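In what follows, a structure is listed as structure tokens, so that the remarks can point back to it.
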Amino acid sequence: MSAVLSPKTLTTLAMFGLIAHVALLSMPMGTVNAQAMKPIQEPITGNEELGDLSQPPQALAQFYRAFNTRDLKMMDENFAHSDEVAIDNPLGGIRRGADEPHKMYEGVFKSPADVHVEFWDYTIHRAGDVFWAVGRERGTYLDGQIVKNLNVRTTRIFQLINGRWRQMHHHGSIEDAKLLGDYQDVVRSPSPKTLR
């Protein structure tokens, strides 16, 4: 069976092809490359050498080291000191402002949940002095004496400020409603830990 296309159909198909070609050519090359990227499966745990904090993977490693070692000073160094900082997180809702990361992570670190996470299945994208990392966090937290798994979809956005990357935005979401509720209950529990 053969298909015969009318001149009008051929013209329409050619126009769609031309539009797609022009759209592809007008995209920044980094965007084209990012769309073809294969997600990185080797996790960032915070145990990596921090080395040169002007490199995106080291800025991410610094965040996960600060988180997993409960180091508020390092966490403050990782985030920008700007009122443009915004966090949209399963624990704190939407928070905006320079002091919000400290307040939110201080609450997590003092909680009895003893949360530990690593970043995996991610891609890093860069446009000038901004990079964003899109992936997943996996880890564990304590619910009493029971260790539970934690899975979070995560995006972190950094800006290059004075030669080093500073986090400007974090968005995290937990798909499983029961896991989200259980995790929120444990972290918000009234039995706080003391920080070192």
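Because only heavy atoms are used, hydrogens play no part in the values below, and waters and symmetry mates are left out as well, while side chains stay in. Owing to the predicted nature of the structure, the values given are computational and were not obtained by experimental measurement.
We find the CG-CG distance between Leu180 and Asp185 to be 9.0 Å, quoted to the nearest 0.5 Å. Separation of atoms OG (Ser173) and CG (Asn151) is listed at 11.5 Å; rounding is to 0.5 Å. Between the CG atom in Asp76 and the NE2 atom in His81 there is a gap of 6.5 Å [rounded to 0.5 Å]. Rounding to the nearest 0.5 Å gives a distance of 10.5 Å between OH of Tyr122 and CE of Met37. Of the inter-residue distances, the one linking Ile161 atom CD1 with Asp129 atom CG reads 8.5 Å to the nearest 0.5 angstrom. Between the CD atom in Gln159 and the CD atom in Gln167 there is a gap of 12.5 Å [rounded to 0.5 Å].
Follow the hydrophobic side-chain contacts under 4.5 Å out from Leu72 and you reach Val187 in the same cluster. Hydrophobic cluster membership is shared by Val152 and Leu179, with clusters built from Ile, Leu, Val, Met, Phe, Trp and Tyr side chains linked at under 4.5 angstrom. Both Ile124 and Ile44 are part of a single hydrophobic cluster, where members link through side-chain heavy atoms under 4.5 Å apart.
Side-chain contact between Val186 and Leu142: absent, with no pair of heavy atoms (C-beta onward) separated by less than 4.5 Å. The shortest distance between side-chain heavy atoms of Trp165 and Pro56 falls below 4.5 Å. In this structure the side chain of Thr123 never reaches within 4.5 angstrom of the side chain of Ile40, judged on heavy atoms. The closest side-chain heavy-atom distance from Leu160 to Arg126 is below 4.5 Å. For the pair Gln41/Pro39, a side-chain contact is recorded, criterion being any heavy-atom separation below 4.5 Å from C-beta on. Side-chain atoms of Leu50 and Arg65, non-hydrogen and from C-beta on, do get closer than 4.5 Å to each other. Counting heavy atoms from C-beta on, the side chains of Ile174 and Tyr183 come closer than 4.5 Å. Side chains of Ile87 and Ile94 form no contact here, defined as non-hydrogen atoms less than 4.5 Å apart.
Partner Arg70 forms a side-chain contact (heavy atoms from CB on, under 4.5 Å) with one of Lys110, His116, Met75 and no other, that one being His116.
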Any chance you could lay out the side-chain contact (heavy atoms from CB on, under 4.5 Å) test for Arg164 and Gln62, step after step, and finish with the verdict?
CA-CA 12 Å; Arg164 64 170 290 187; Gln62 182 193 43; 3.0 Å; yes

Going through the distances and angles, do Met168 and Ser82 end up as a side-chain contact (heavy atoms from CB on, under 4.5 Å)?
CA-CA 8 Å; Met168 294 296 294; Ser82 167; 4.2 Å; yes

Checking side-chain contact (heavy atoms from CB on, under 4.5 Å) for the pair Asn89/Met104: CA distance, chi angles, key distance, verdict?
CA-CA 9 Å; Asn89 178 287; Met104 191 193 73; 3.6 Å; yes

If you apply the rule side-chain contact (heavy atoms from CB on, under 4.5 Å), what do you find for Phe67 with Val117, and how did you get there?
CA-CA 8 Å; Phe67 186 88; Val117 294; 3.8 Å; yes

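The shortest non-hydrogen separation linking Ala86 to Arg96 is CB-CG, 4.2 Å. A pairwise comparison of heavy atoms in Glu48 and Ala61 identifies OE1-CB, 3.6 Å as the closest pair. Closest approach of Val85 and Ala80 over heavy atoms only: CG2-O, 3.4 Å.
Residues meeting the salt bridge (charged side-chain N to carboxylate O under 4.0 Å, His left out) test with Glu77, sequence neighbours left out: Lys73.
Classified by interplanar angle (parallel below 30°, tilted 30° to 60°, perpendicular above 60°), the ring pair Tyr105/Phe109 is tilted.
Comment: Asp182 engages Lys178 in a salt bridge, judged by a side-chain N to carboxylate O separation of less than 4.0 angstrom. Salt bridge absent: Glu106 and Lys103 never bring a charged side-chain N and a carboxylate O closer than 4.0 Å.
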Show every donor-acceptor pair shorter than 3.5 Å between a side-chain atom in residues 132-139 and any protein atom, with sequence neighbours excluded, or say none if there are none.
{"unit_1": "Arg136", "atom_1": "NE", "unit_2": "Asp121", "atom_2": "OD2", "d": "3.1"}
{"unit_1": "Glu137", "atom_1": "OE1", "unit_2": "Thr154", "atom_2": "OG1", "d": "3.4"}
{"unit_1": "Glu137", "atom_1": "OE2", "unit_2": "Tyr64", "atom_2": "OH", "d": "2.6"}
{"unit_1": "Glu137", "atom_1": "OE2", "unit_2": "Arg156", "atom_2": "NH2", "d": "3.0"}
{"unit_1": "Arg138", "atom_1": "NE", "unit_2": "Glu118", "atom_2": "OE2", "d": "2.6"}
{"unit_1": "Arg138", "atom_1": "NH2", "unit_2": "Glu118", "atom_2": "OE2", "d": "3.0"}

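Other residues, nucleotides and ligands place no more than 12 heavy atoms under 6.0 Å from the CD atom of Glu49. Other residues, nucleotides and ligands place no more than 12 heavy atoms under 6.0 Å from the CD atom of Glu84.
Residues Phe63 and Phe158 place their aromatic rings such that the two centres sit no closer than 6.0 Å.
Here the side chain of Glu100 pairs no donor or acceptor atom with the backbone of Ala98 at under 3.5 angstrom. Checked by atom type and distance alone, the side chain of Asp143 never pairs as donor or acceptor with a backbone atom of Ile146 at under 3.5 Å.
Between the side chains of Asp52 and Ser54, at least one donor N or O lies within less than 3.5 Å of an accepting N or O.
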